[in-house]
J.: 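The following block contains the structure, expressed as structure tokens.
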Amino acid sequence: MNIAVIDDDKLVSLSLKTILESTGKITVDAMGSSGEDAVKIYRLHKPDVMLMDIRMDGMSGIEAGEIILKESPEAKILYLTTFSDDEYIVKALNMGAKGYILKQDFEGIAPALEAVMRGQSVFGDKIINKLPRLIKAGEAYDYAGHGINEKEKEIMELVAAGLSNKEIAVRLFLGEGTVRNYISAILDKLDLRDRTQLAVYYYTEVKP
């Protein structure tokens, strides 16, 4: 897996490079220290995953992510930051980032990158616990009004809980292909792009 690391603290970037490459599974192809660097590096290297800080001098990681995903919707961006501000979390996930984890969860960074590479979305425990509180509670969600049946409702809940397709298949006694088909149908009905947006949608619209 080839990744890029963007962090305005060069010591952090070098430490991450050493730790991640010691796994033997990850290669850090490029490093940068600003949002401007991130955009340039993505255009040049097209890393499998971009591991990026949020608050940086000049262009922020959020602004850089918006530019990158507008140009390359398939880009996989994983935010790694010390800040768990509600505004950052909502912006990062609504734009299509693949995850948001805190630097304090240092040991979980490599597994998080591997999960993102497999197509999963990754949220640190502190982040996932905040999502239900980001939007004020509203009326009960009208599943039927959105064309969502009972099985799709179950799958939405499990995707939002962070389960992979394989784990959902085991839990609901379905084939992985069937789970993929259900998720595709849900995304179409709700006009969403991917599992990350579905998870955010669930916690902001369905179960705020």
J.: Determine whether Leu174 and Ile168 make a side-chain contact, defined as any pair of heavy atoms from C-beta on separated by less than 4.5 Å.
T.: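 Side-chain contact under 4.5 Å: no.
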J.: Could you go step by step and tell me if Arg195 and Asn165 meet the side chain to side chain contact (heavy atoms under 4.5 Å, CB included) rule?
T.: CA-CA 10 Å; Arg195 296 169 63 97; Asn165 287 354; 2.4 Å; yes
J.: Atom CE of Met52 and atom CG of Asp37: how far apart are they, to the nearest 0.5 Å?
T.: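 Going from the CE atom of Met52 to the CG atom of Asp37 covers 11.0 Å.
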J.: Please round to the nearest 0.5 Å and tell me the distance separating atom CD1 of Ile186 and atom NZ of Lys153.
T.: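 Spacing of CD1 (Ile186) from NZ (Lys153) equals 12.5 Å.
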J.: Taking the side chain as every heavy atom from C-beta outward, state whether Lys76 and Thr196 have any atom pair closer than 4.5 Å.
T.: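 Sidechains of Thr196 and Lys76: no contact.
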J.: Parallel under 30°, tilted from 30 to 60°, perpendicular over 60°: which one fits the rings of His146 and Tyr201?
T.: perpendicular
J.: Taking Gln120 for its side chain and Gly162 for its backbone only, find out whether a donor-acceptor pair lies under 3.5 Å.
T.: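 Not confirmed, Gln120 side chain does not pair with Gly162 backbone.
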J.: A quick test of your reading: do over 12 heavy atoms of other residues, nucleotides or ligands sit less than 6.0 Å from CG of Asp191?
T.: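 Counting neighbours around CG of Asp191, 12 or fewer heavy atoms of other residues, nucleotides or ligands fall under 6.0 Å, so no.
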J.: For Ala185 and Glu152, which heavy atoms make the closest approach, and how far apart are they?
T.: CB-OE2, 3.8 Å
J.: Contact between Met95 and Ile62 at the side-chain level, heavy atoms closer than 4.5 Å - yes or no?
T.: yes
J.: Minimum heavy-atom separation for Tyr79 to Gly65, with atom names?
T.: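 Shortest heavy-atom separation between Tyr79 and Gly65 comes out as OH-CA, 3.6 Å.
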J.: Under the 3.5 angstrom rule, does the side chain of Lys189 hit a backbone N or O of Gly147 as a donor-acceptor pair?
T.: yes
J.: Tell me the closest heavy-atom pair linking Tyr42 and Pro47, and the distance in Å.
T.: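 It is CD1-CD, 3.5 Å.
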J.: Look up atom CG in Leu51 and atom CG in Leu16, then write down how far apart they are to the nearest 0.5 Å.
T.: 6.0 Å
J.: List the atom of Leu113, the atom of Val49, and the distance in Å for their closest heavy-atom pair.
T.: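 Residues Leu113 and Val49, closest heavy atoms: CD2-CG1, 3.6 Å.
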J.: Minimum heavy-atom separation for Ala97 and Leu69, please, with both atom names.
T.: N-CD1, 4.1 Å
J.: Closest approach of Lys70 and Pro73, non-hydrogen atoms and distance?
T.: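 So the two residues come closest at O-CD, 4.3 Å.
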J.: Quick one: does Leu187's side chain get under 4.5 Å of Gln197's, heavy atoms only?
T.: no
J.: Would a single hydrophobic cluster contain both Leu80 and Leu14, if residues Ile, Leu, Val, Met, Phe, Trp and Tyr are joined by side-chain heavy-atom contacts under 4.5 Å?
T.: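 Yes, because Leu14 and Leu80 connect within a single hydrophobic cluster, where side-chain heavy atoms sit under 4.5 Å apart.
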J.: If we ignore hydrogens and angles and just use 3.5 Å, is the side chain of Asp48 paired with the main-chain N or O of Asn2 as donor and acceptor?
T.: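 Yes; judged by distance alone, with no hydrogens or angles, the pair exists.
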J.: How many angstroms lie between atom CZ of Arg193 and atom CD of Glu74, to the nearest 0.5 angstrom?
T.: 10.0 Å
J.: Tyr143 and Ile183: same hydrophobic cluster, using ILVMFWY side-chain contacts below 4.5 Å?
T.: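 Cluster IDs for Tyr143 and Ile183 match.
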J.: Is the count of non-hydrogen atoms from other residues, nucleotides or ligands lying under 6.0 Å from Lys25 atom NZ greater than 12?
T.: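 Open: at most 12 neighbouring heavy atoms sit under 6.0 Å from NZ of Lys25.
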J.: Does some side-chain heavy atom of Lys98 sit less than 4.5 Å from a side-chain heavy atom of Asp194?
T.: yes
J.: So among Ile3, Val5, Leu78, Ile68, which one has a side chain to side chain contact (heavy atoms under 4.5 Å, CB included) with Met50?
T.: Ile68
J.: At what distance, to the nearest 0.5 angstrom, does CD1 of Ile67 lie from OG of Ser72?
T.: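 Answer for the CD1-OG pair, Ile67 versus Ser72, is 11.5 Å.
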J.: Working to the nearest 0.5 angstrom, can you tell me the gap between Arg171 CZ and Ile155 CD1?
T.: 12.0 Å
J.: Answer yes or no: is there a donor N or O on one side and an acceptor on the other, between the side chain of Glu21 and the main chain of Val28, under 3.5 Å?
T.: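 Checking the backbone N and O of Val28 against the side chain of Glu21, a donor-acceptor pair under 3.5 Å is found.
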J.: Test side chain to side chain contact (heavy atoms under 4.5 Å, CB included) on Asp9 and Asp53; report intermediate values, then the result.
T.: CA-CA 9 Å; Asp9 187 327; Asp53 196 0; over 6 Å; no
